[in-house]
Amino acid sequence: MNEGTSATETDHATRSMKSAGGYSFLYALAVAVVGAIVAFNVIRPITVLPRITPSPGYAFTNQHGQISTSEDQRGKLTLYSFTYADCAANEPCPLAVDQIGALRHQLGDIPSDIPLSFVTISLNPEIDTQTKLAEMNEDYSGTDLASTIPWTFLSGDSQRTRLVVGGGFQVFYSEPKSEAGGRVDFEPRYVLVDHLGIIRAEYRTAEPDPELITRDIDLILNEANNSDGIARLGYEAAHLFLCYPR
Amino acid sequence: MSTPEFATTPAKRNRQRSLYLVIAGVIILVTIIAVWIIANGRLPFMPPRLNGIAIQSPEPAQNFTLTSQTGQPLSLTDLRGKVVLLYFGYTYCPDACPTTLAELKKATQTLGGDAEDVQVVMVSIDPERDTPEVLKTYMAYFDPSYIGLTGTEDEILAAATPYGVYFQKHEGSPATGYLVDHTTTVMAIDKEGYLRLFYPYGTAGEDIAADLRYLVND
């Protein structure tokens with residue numbers, strides 16, 4: 001009797017273990033799936049910059065009197081900025097040309113094979129004629145603001161500027177105030193656009209950290225250079241799980 | 001008296017039932033995952049393999065109202081409920097526009113029945129020559145269901161700029177007349193009106209069709 005009872009208990013125990021094993025498998029599966037998603041978010045094996053929105057299309061005149069378009073920037077990384085020629089002469093000037101030039105100089109360590117270019121769009125297009133743009137395009141070579149990064153100055157008509165800067169880049173700026181010497185009030189903003197014409201980062205300050213911009217440029221380049229084939233799934237997962245830099 | 005092996009207690013029967021339920025659950029789960037993989041070509045929780053450039057946190061596509069090929073006004077929001085493939089081109093375009101529209105035609109043909117939930121829209125960036133009548137004839141050459149839109153230059157400029165599209169008129173040859181340089185990207189807007197994907201010039205119709213199938217059934 002004792003032997004029979006013992007055998008039955010053993011049988012029960014075995015079946016219980018099997019049953020428990022079935023549950024364990026399901027739990028393990030669920031934990032593995034949830035764990036993988038959480039781990040991807042926490043560990044962030046891949047970090048990407050968000051694809052924010054398309055950079056607006058434009059066809060403006062540059063400092064050489066030529067038409068320069070948004071398509072000319074395809075295949076390059078572009079750091080857009082916004083100001084006007086007489087900004088420094090008016091107080092307050094949220095972002096002067098020299099400040100943009102200083103940032104361009106600070107980013108001078110970026111390898112020359114990285115196709116980074118600066119584009120500055122005038123917020124006072126009626127006044128900033130080609131001559132004014134050419135003056136803005138000061139030759140910094142030989143100064144402490146020297147840089148090899150290409151820099152284009154653009155001006156269009158008022159309506160198109162409003163569409164592109166106000167509507168597309170969503171930068172606030174006022175009409176020139178004649179009673180204040182033609183001062184234009186605006187918010188300082190830099191916008192990083194990728195090689196496909198998509199806005200990837202915005203810096204809402206007159207003096208962004210060059211290291212931050214360099215990091216963001218590296219993230220875009222890593223994604224562009226490594227997201228082919230199966231690796232692309234990893235990058236798309238990083239976008240899906242919002243693995244953006246902290 | 002020893003307890004016969006086949007004699008089961010209620011507790012034991014419950015445990016057995018639980019085990020069978022677990023096994024059945026696992027089989028159902030595996031079957032669901034297998035069906036999902038066959039239907040979607042990917043594992044659940046995996047991001048879709050999209051061929052276009054995806055905007056991960058999409059915003060509502062900028063609305064505009066222009067004149068359709070029937071002469072009636074049409075807003076982008078009127079097309080809610082359909083996946084919209086939006087393109088900016090013109091009927092006198094010698095190369096990029098017919099090539100792109102031919103790929104879009106290939107995409108909608110590949111979709112079969114799902115194509116009913118897709119609407120191809122071309123906004124003319126040459127309003128001077130592209131009247132509604134001209135657009136109607138041109139679009140019908142590719143597919144009569146395709147919509148052509150036109151308007152004033154200012155209206156078209158306001159519609160194109162937020163999508164990253166520029167256009168600029170320049171001289172052509174006596175045979176072509178003036179030409180219009182323009183951005184050749186195609187945009188995919190989902191059924192809820194969110195801008196989801198971009199296709200650079202030259203994307204194959206089959207690749208676009210694969211993404212559309214996902215967007216239509218999303």
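Below, chain A is the first sequence line, B the second, and so on; all start at residue 1.
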Next on the checklist: So which residue, Gly168(A), Ala59(A), Pro50(A), ends up with the most heavy-atom pairs under 4.5 Å with chain B?
Outcome noted: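 Looking at each of Gly168(A), Ala59(A), Pro50(A) in turn, Ala59(A) comes out on top.
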Next on the checklist: So that I know where these two stand, are Phe169(A) and Tyr80(A) an aromatic pair - ring centroids less than 6.0 Å apart?
Outcome noted: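 Yes, ring centres under 6.0 Å apart.
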Next on the checklist: Quick check on the 6.0 Å ring-centre criterion: do Phe186(A) and Phe82(A) meet it?
Outcome noted: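 No.
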Side chain / backbone / both / neither for [X] at chain A, heavy atoms under 4.5 Å:
| X | value |
| --- | --- |
| Thr184(B) | neither |
| Ala158(B) | both |
| Ala11(B) | neither |

Checklist entry - Cationic tip of Arg160(A) within the cone over Tyr166(B)'s six-membered ring, i.e. under 6.0 Å and within 45° of the normal? => result no
Checklist entry - With respect to chain A, which residue among Ile23(B), Leu50(B), Leu157(B) yields the maximal number of heavy-atom pairs within a distance under 4.5 Å? => result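 So the answer, after comparing Ile23(B), Leu50(B), Leu157(B), is Leu157(B).
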Checklist entry - Any idea which of Thr185(B), Thr183(B), Leu195(B), Asp181(B) has the most non-hydrogen atom pairs under 4.5 angstrom with chain A? => result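 Ranked by heavy-atom pairs under 4.5 Å with chain A, first place is Thr183(B).
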Checklist entry - Under 3.5 Å, side chain of Asn217(B) to main-chain N/O of Arg213(B), donor-acceptor pair present? => result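 Indeed, once roles are kept as given, a pair shorter than 3.5 Å links the two residues.
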Item to check | Side-chain donor/acceptor of Thr67(B) to backbone N/O of Gly151(B), under 3.5 Å | outcome: no
Interface moiety of [X] toward chain B, non-hydrogen atoms closer than 4.5 Å:
| X | answer |
| --- | --- |
| Phe60(A) | neither |
| Leu163(A) | both |
| Ile198(A) | side chain |
| Arg162(A) | neither |

Item to check | Glu128(B): side chain to side chain donor-acceptor pair (under 3.5 Å) partners, not counting sequence neighbours | outcome: Lys169(B)
Next on the checklist: Test side-chain hydrogen bond (donor to acceptor under 3.5 Å, both in side chains) on Ser117(A) and Gln73(A); report intermediate values, then the result.
Outcome noted: CA-CA 8 Å; Ser117(A) 64; Gln73(A) 300 307 122; 2.9 Å; yes
